[in-house]
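Encoded as structure tokens, the structure appears first; notes follow it.
Index from 1, following the sequence. Values below: every heavy atom of this structure, side chains too, minus hydrogens, waters and symmetry copies.
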Amino acid sequence: MKELCLAIVLAPLAGAIAAGLFGRLIGRAGAHWITILCVGFSCALSCMVFRDIVFNGAPPLNVALYTWMQSGGVNFQIGFLIDQLTVTMMVVVSFVSWMVHIYTVGYMHDDPGYQRFFAYISLFTFSMLMLVMSNNFLQLFFGWEAVGLVSYLLIGFWYTRDTAIYANLKAFLVNRVGDFGFLLGIAAVLTYFGSLDYAEVFAKAPTLVDTTLRIWPSSTSWSVLTFTCLCLFVGAMGKSAQVPLHVWLPDSMEGPTPISALIHAATMVTAGIFMVARMSPLFELSTTALSVVLLIGATTAFFMGLLGLVQNDIKRVVAYSTLSQLGYMTVALGASAYAAAIFHLFTHAFFKALLFLAAGSVIMGMHHEQDMRKMGGLWRRMPITWLTSMVGSLALIGFPGTSGFFSKDGILEAVKLSHTPGAEIAYWACLSGVFITALYSFRLVFMVFHGKPRMDHHTAEHLHESPAVVWIPLVVLAVPSLVAGLAGVGPMLFGDYFGKSIFVLPAHNVLHQMAEEFHGAVPFITEGMTQPPFLLAMSGVVVAWFLYLVQPTLPGKIAAAFRPIHAILLDKYGFDRFNDWFFAGGARGTGSKLWRWGDVALIDGLLVNGSGRLVGWFSGVMRGVQSGYLYHYAFAMIIGLLALLGVFVHHLFT
């Protein structure tokens, strides 16, 4: 199995190197064929390992490949931990990435950076696989930073656009804040656990429950486990875009649409969710950390969903949907329902990738127009895109039987049963979010695919379905968007699917309580259709239908009637303005002062130019002394001798 895992990781890297370094040699077709084949090969091998671990019951693999460094008795190693949690992520990452690679052939067909793009997305896949397959914090951090670096390159792929450069710098800087906390958490692990190996750290965690530390300058004692978990979670907040480190994700829409699907569906933004689930043996020992995770997730799920209601850019609506759904996953983590969080990650990957790629298909058909107010009636001209978008939207709102229904209802019920402080607030926030999700999802569907066409005459004449290389990945992704939840609800949510890869204390095990009342997928569906989440979701669809098809002038009147609230939502709660003032403006202001006082005044003015002026002044004085007259030199020698004599006499009598 070790050799298979090496091949899974190295295949996308080989494709990235081929397309990146030899792109001109192999040409555009060579670049896409070699990367698609390499990622497809990785996906096939991932499915084989998945079969061995999940279906054939092969024992988990925990192996060190080589030791990179030894210091202070600590081994810094590269290795693999292949268990049920890992193989689930491997299949999701490699499969969605493979679909994105195929879709990219059509979407980026005329782009001059074609080979470079394929190199980047393959390198991104390699980095994400390294992250999820790691068995230690060192390799985890490598993968963590690698996906951040490549996402920076991808978001700013169209580097001639000022908006793209702004977006990738924003993503980079915001994630630096999260990564600083993440690095502090890893440092705390190394300091108090004496190892970076997962197995050793998790085994030692119970012995540190009562260990405390003090953070200067405060005299308050902190639990080591709470401090470590909170620092690690700050990293997760950056990668998985939780409030207040969420601001980079909507702007990342400046990258090409395939990147939106790759980053926002199954890869980078889910890294934080995966990491917290992997660290469940640590988080379970800190109720404080779980409570913080729960409340941050609830805040993100509710308030980011509201922002989706006022967006008119088709990709930004889906982006705010991603933020909200990541909040649901985070809430599940805080409620100790780690399996529910990963199950939602699993189902969400398919239908969110589907929605982003469908949005890209619409953008292609509309000649790169992204404003939904200039669309309408597309379902007749783009029936496959419309149908697959409908499937993705139904899964997103949790329509009974779709994959999102099982995972979303599982999270809501788990939070309802949880006793973690803040669980009641989180439940009502998430329940309200169900209505909001349905409203903005079908607002998009109705504005884009139904109603009267609002595009210009030229666009309407040339509007047609996307080529097969674009719509085939949509159809393929629509299948798991419909059936993945049905297949996974029993084993993943209520069974022993994850085995020992996830640790939950008996007192926190809300999914075990739910499993006692689970009698199969069909009863789960029929019972769910009588519960508040289903009624709220259907209410959201009906309201969207009424507002955007029956009375399309009414939303404008509502916005005018609630102008202050509407303005706050359009302003995104002021986060962007605050960041521009505090981080961008503050950083520029600080840099300007450091330049003026430090560089110009101190270094150039005093040290460099000052020393030059001092030497010049002293040289001028010495030039005046060198008169050329002998009696001047004789007089100076006499003065010097008298001075030496005075010093000698003073020393003799003292």
Set out, in order, the CA-CA distance, both residues' side-chain angles and the distance that settles side chain to side chain contact (heavy atoms under 4.5 Å, CB included) for F80 and L6, then state yes or no. CA-CA 9 Å; F80 293 143; L6 273 171; 4.1 Å; yes
Donor-acceptor side-chain pairing of S407 and T347 below 3.5 angstrom: yes
With distance as the sole criterion, is a donor-acceptor pair present between the side chains of T287 and H508 under 3.5 Å? no
Would a distance-only check, ignoring hydrogens and angles, find a side-chain to backbone donor-acceptor pair under 3.5 Å from [X] to [Y]?
| X | Y | answer |
| --- | --- | --- |
| S403 | G485 | no |
| S252 | L249 | yes |
| S127 | G143 | no |
| S418 | A414 | no |
| T257 | G360 | no |
| W248 | G238 | yes |
| Q115 | A31 | no |
| T86 | L81 | yes |
| S291 | T288 | no |
| S134 | L131 | yes |

How close do [X] and [Y] get, counting heavy atoms only, and between which atoms?
| X | Y | answer |
| --- | --- | --- |
| G106 | V469 | CA-CG1, 3.4 Å |
| A426 | V331 | CB-CG1, 4.3 Å |
| L129 | I8 | CD1-O, 3.6 Å |
| S389 | A358 | OG-CB, 3.1 Å |

Residues at least two apart in sequence or cross-chain that pass side-chain hydrogen bond (donor to acceptor under 3.5 Å, both in side chains) with N136, listed by chain then number, are none
side-chain hydrogen bond (donor to acceptor under 3.5 Å, both in side chains) filter on Q325, not counting sequence neighbours, yields H344
If a pair satisfies side chain to side chain donor-acceptor pair (under 3.5 Å) and one of its residues is in residues 138-155, list it, with sequence neighbours excluded. W144-D179, E145-R176
State whether the number of non-hydrogen atoms from other residues, nucleotides or ligands found under 6.0 Å of [X] atom [atom1] is greater than 12.
| X | atom1 | result |
| --- | --- | --- |
| K416 | NZ | no |
| D210 | CG | no |
| F518 | CZ | yes |
| Q531 | CD | yes |

Indicate the ring-plane relationship of [X] and [Y], choosing parallel, tilted or perpendicular according to the 30° and 60° boundaries.
| X | Y | value |
| --- | --- | --- |
| F76 | W68 | perpendicular |
| F202 | Y198 | parallel |
| F50 | Y497 | tilted |

Is there side-chain contact between [X] and [Y], with at least one heavy-atom pair below 4.5 Å?
| X | Y | answer |
| --- | --- | --- |
| V293 | F283 | yes |
| V100 | T104 | yes |
| I411 | F343 | no |
| M133 | I82 | yes |
| I121 | S97 | no |
| L196 | I186 | yes |
| H246 | T300 | no |

Please assess F233 against F182 for the test ring pair (Phe, Tyr, Trp, His ring centres under 6.0 Å), listing each intermediate value before the final yes or no. CA-CA 7 Å; F233 181 62; F182 189 55; over 10 Å; no
Between atom CG of L396 and atom OG1 of T402, what is the distance when rounded to the nearest 0.5 Å? 9.0 Å
With rounding to the nearest 0.5 Å, note down the distance linking CD1 in I296 to OG1 in T330. 9.0 Å
Contacts of type ring-ring contact (aromatic ring centres under 6.0 Å, His included), residue [X], not counting sequence neighbours:
| X | answer |
| --- | --- |
| F405 | F524 |
| F498 | none |
| Y103 | Y107 |

Side chain to side chain contact (heavy atoms under 4.5 Å, CB included) assessment of F351 paired with V391: CA-CA 8 Å; F351 62 73; V391 169; over 6 Å; no
Steps toward side chain to side chain contact (heavy atoms under 4.5 Å, CB included) verdict (V39, S122): CA-CA 7 Å; V39 174; S122 287; 4.1 Å; yes
Side chain to side chain contact (heavy atoms under 4.5 Å, CB included), that's the test. Do Y338 and I342 meet it? Break it down for me. CA-CA 6 Å; Y338 304 98; I342 299 300; 5.5 Å; no
